[in-house]
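In what follows, chains carry the letters A, B, and so on, assigned in the order in which the sequence lines appear, proteins first and then strands, with residues in each chain numbered from 1.
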Amino acid sequence: MGEVKKIDKFEVLQDLMRRRGFAWQSFEIYGGVGGFYDYGPLGATIKRKIEQKIREAFQREGFFELETPTVTPEEVFIASGHVEKFVDPLVECKKCGSRYRADHLVEEALEIDTEGMSAEHLTKIIEENNIKCPKCEGELGEVWYFNLMFETYIGPYKDKKGYLRPETAQGLFINFKRLNHFARNQLPFGVFQIGKAYRNEISPRQGMIRLREFTQAEAEIFFNPKETEHPHFDDVKDEILRLYPIENQLKGFGEIEITLEEAVKKRYVLNTFFAYYMAMVKRVLLDIGIPEKAIRFRQQLPEERAHYSTDTWDVEIYSERFGWVECVGIAYRGDYDLSRHMKMSGEDLTVMIHYDKPKIVKKLRVSLNMAKVGPKLKKDAKRINERLKEMSEDEVKKIVQSLEETGKAIVEGYELERDDFIIKEVEEKITGEKIVPHVLEPSFGIDRPFYLLLENSLTVDEDGRIYLKIKKDMAPIEVAVLPLVAREPLKDIAYDVFRTLQKAGLIVIYDEKDTIGRRYARYDEIGVPYCVTIDNQTPEDNTVTIRDRDTREQIRVKIEELPQRLKELIFG
RNA sequence: GCGGUGGUAGUCUAGUCUGGUCUAGGACAGCGGCCUCCCGAGCCGCUGACCCGGGUUCAAAUCCCGGCCACCGCACCA
């Protein structure tokens, strides 16, 4: 019974989204293509509002926004690991045509780890171990890799390969040198980008939940791995999050509710730096209008994690239709991306960390007493002297120790005595060190929260009347101005009110068609939080009523106070 | 990709099995008008559809084949 009702609600929403202009599948008139969605007039407005909430939240953290191309040359994704790792090995049964993940078949049959194996290697293993099609026992063909990135070519000749970016992040990493300069060498700093990304999903399903082209809002926060205390952690330490850590998932324990301070103390969360941004993400989702009870943080299992990450928490939003849906990922990317780009490009992507005070380090400097040793070592003397200079502190200490204890030391096959060396203790002034910053990445999907916001806002009462109880400041139309009946002077007054509100910056609609009840229903359905009604009392005293979508209650206000009152009610 | 089920106006649906009376019916929505009304009232009128392509047949929404899309299951989800 309850289940039937839930399915109905999903269908009501699908219907509503198409009928009233929120979102629908793209390319409809040509039959539609899976994994692509168009945002209609109301949907695009809500999407922009979601993006704006995230943008403002990042800006409150002092991050700056970037915009980089979606078309990206191949080298970037060779460096990022996507060319190699963003793939699935597939194999087809020669008899029945069924397709499988080759690595999964091998892992299952032989219980070995196939991580990083080539297609040829997998093919060989399948042949040698006589692994057959699980369905029909038929022979399996060659293993091939399918890369989930969309390929393209840059320019008129097919010699410059490119890909549509599978994440917006790389556009930020490859600009690191300029960004670090912009931040004047001060870690930590954050940058973000809101834009499209593309993944050629093998089989997109579930409507807007898995798209081939989608919008992300990703921030990369570059920090010194030795400084993982967030300066503003106190602001959020008492925030209670619902966590679902790895061990609770593995042991079948449930979720836990815990303050961030406790979560760090009990080592559920790496450090206060990570914890701070978990709180930030939660606040953004609440600000968008996702109910608190529908938000949880689930730590990704090691095998789920992307190739670049060593710890990731997904922020999931509950859907009646799809269960818990991953909407935001907070990934610890370490120095993976910067190190890889440093290697690939040859650029120096380090940051100089200046110490508060220069460190005075006492160091043993050991060199050969060339005058004494020259005749003995001949032309090897110079080479060994160079070698001594390159030695690590430990190697040098060993030699000195040996000299002190036995009076002798063996270097490069020569036995040398104390007098053959010049040993000096020198003071070295070190003003800082070069480090590759580590990266924490909060990465918002936009399309999924969009859908889940609508789903969580949709209410159907027992009469079947639909209300989209979307958070008031997220509504795509903020006010509807309605003359009670389409008659003068009500129409004229109403139209003036409409224009006044438009000029005041509100998103407003004017409507005089149909009965007033029907119009209220029309605007309840698309989530208009307030209807302003011009009635027969208006010509007498210049007052109008404001009707609340969620309570149906009306208050009467003076027309001159209307813009201000509405703004307070909606954006308060 | 595989298997199953399905695709009729903006939405939901009748018709499909058993080909012809289908010039494709209804409801809701939309548009115009009457009514002038505080929560989807009523009346009149209008607009609007057989997923695409091929085939079988005198005749196809209906039968057959291919494609596309959706839903469910398998697989996949870095």
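One atom, CD1 of A:Ile209, and another, P of B:C71, lie 11 Å apart when rounded to the nearest Å. Atom CZ of A:Phe22 and atom P of B:G10 are 19 Å apart (whole Å). The CD1-P distance, from A:Ile516 to B:G40, rounds to 11 Å in whole Å. Atom pair A:Trp24:CH2 and B:C51:P shows a separation of 22 Å (rounding to whole Å applied). Put simply, CD on A:Glu512 is 14 Å from P on B:G30, counting in whole angstrom units. The interatomic distance linking A:Asp38 (CG) with B:C69 (C1') rounds to 15 Å, in whole Å. For the pair A:Glu28 CD and B:C69 P, the interatomic distance rounds to 13 Å; values are reported in whole Å. Rounded to whole angstrom, the span from the CD1 atom of A:Ile526 across to the P atom of B:G10 amounts to 20 Å.
The cationic group of A:Arg298 does not satisfy the cation-pi geometry with A:Tyr244, failing either the under 6.0 Å distance to the six-membered ring centre or the 45° limit from the ring axis.
B:C38 and B:G45 have their C1' atoms separated by 28 Å, with the value rounded to a whole Å. B:C46 and B:C37: their C1' atoms are spaced 25 Å apart (whole Å). Rounded to whole Å, the separation between the P atoms of B:U62 and B:A24 comes to 16 Å. Rounded to whole Å, the C1' atom of B:U36 lies 13 Å from the corresponding atom of B:G42. Here, B:C74 and B:A60 have their P atoms 42 Å apart, quoted to the whole Å. Comparing the same atom, C1', in B:U16 and in B:A49 gives a spacing of 16 Å after rounding to whole Å. Between B:A14 and B:G3, the two C1' atoms lie 30 Å apart (nearest whole Å). For the C1' atoms, the distance from B:C64 to B:C17 is 15 Å, rounded to whole Å.
Below the 3.5 angstrom threshold, one finds no donor paired with an acceptor across the side chain of A:Arg519 and the base of B:C39. Side-chain atoms of A:Glu304 and base atoms of B:C77 include no donor and acceptor less than 3.5 Å apart. Remark: the A:Arg210 side chain and the B:C76 base include a donor-acceptor N/O pair separated by less than 3.5 Å. The base of B:C38 lies outside donor-acceptor range of the side chain of A:Arg552, with no N or O pair under 3.5 Å.
Here CZ of A:Arg242 is found 5.0 Å from CD of A:Glu255. Values are rounded to the nearest 0.5 Å. In this structure, CD on A:Glu167 lies 6.5 Å from CD on A:Gln216, to the nearest 0.5 angstrom. Atoms OG and CZ, from A:Ser339 and A:Arg333 in turn, are 12.5 Å apart once rounded to the nearest 0.5 Å. Rounding to the nearest 0.5 Å places CZ of A:Arg210 at 8.0 Å from CZ of A:Arg448.
Pairing of B:A75, defined by two Watson-Crick or G-U wobble distances under 3.5 Å, is not identified with any nucleotide. Pairing for B:G42 is with B:C34, a Watson-Crick or G-U wobble pair whose two hydrogen-bonding atom distances lie under 3.5 Å. Searching all strands for a Watson-Crick or G-U wobble partner of B:C63 with both distances below 3.5 Å returns B:G55. A 3.5 Å limit on both hydrogen-bonding distances identifies no Watson-Crick or G-U partner for B:U21. Here B:U16 sits opposite no nucleotide as a Watson-Crick or G-U wobble pair (both hydrogen-bonding atom distances under 3.5 Å). The pairing partner recorded for B:A70 is B:U5, the criterion being a Watson-Crick or G-U wobble arrangement whose two distances lie under 3.5 angstrom. Across all strands shown, B:U47 forms no Watson-Crick or G-U wobble pair with both key distances under 3.5 Å. Nucleotide B:U11 forms a Watson-Crick or G-U wobble pair with B:A27, both donor-acceptor distances falling under 3.5 Å.
Comparing B:C39, B:C69, B:C72 by their closest approach to the side chain of A:Arg547 singles out B:C39. When distances run from any side-chain atom of A:Tyr520 to the nucleotides B:U11, B:U36, B:C38, the shortest one goes to B:C38. For A:Asp15, counting side-chain heavy atoms from C-beta on, the closest listed nucleotide (B:C72, B:C39, B:U11) is B:U11. The side chain of A:Arg18 lies closest to B:C12, out of B:G40, B:C37, B:C12.
Just one residue in the list A:Lys558, A:Glu561, A:Arg556 forms a side-chain hydrogen bond (donor to acceptor under 3.5 Å, both in side chains) with A:Thr543, and that residue is A:Arg556. Between A:Val481 and the choices A:Ile509, A:Ile534, A:Thr500, A:Leu562, the side chain to side chain contact (heavy atoms under 4.5 Å, CB included) rule is met once, by A:Ile534. Among A:Arg547, A:Arg552, A:Arg20, the single residue meeting the salt bridge (Lys or Arg N to Asp or Glu O under 4.0 Å) criterion with A:Asp524 is A:Arg547.
Where A:Glu553 and A:Lys513 meet RNA chain B, the nucleotide closest to each residue was compared, and A:Lys513 sits on the side nearer the 5' end. Toward the 5' end of RNA chain B, the nearer of the two residues A:Glu201 and A:Val485, judged by each one's closest nucleotide, is A:Val485.
The nearest pair of heavy atoms linking A:Thr152 to A:Tyr163 is CG2-N, 4.2 Å. Heavy-atom minimum distance, A:Asn200 versus A:Phe146: O-CE2, 3.5 Å.
Phosphate contact (OP1/OP2 of B:A41, side-chain N/O of A:Thr515, threshold under 4.0 Å): present. Contact annotation: A:Arg522 does not reach the phosphate of B:C28 (side-chain N/O to OP1 or OP2, under 4.0 Å). Here A:Arg20 does not reach the OP1 or OP2 of B:A29: none of its side-chain N or O atoms lies under 4.0 Å away.
For A:Phe77 and A:Phe86, the distance between ring centers is not under 6.0 angstrom.
Residue A:Gln25 is in sugar-phosphate contact alone, with no base atom involved, counting any heavy-atom pair closer than 4.0 Å across all strands shown. Here A:Ile466 lies in heavy-atom contact (under 4.0 Å) with a base. As judged by a 4.0 angstrom heavy-atom cut-off over every strand, A:Leu484 is placed among the base-contacting residues.
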Distances under 3.5 Å between nitrogen or oxygen atoms of protein and nucleotides 42-49 of chain B:
none

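Listed in residue order, the members of residues 527-544 of chain A having a heavy atom less than 4.0 Å from RNA chain B are A:Thr533, A:Asp535.
Using cut-offs of 30° and 60° for the angle between ring planes, the A:Phe192 and A:Phe58 rings count as tilted. Ring geometry for A:Phe150 against A:Phe36 counts as tilted: the plane angle lies between 30° and 60°, on a 0 to 90° scale.
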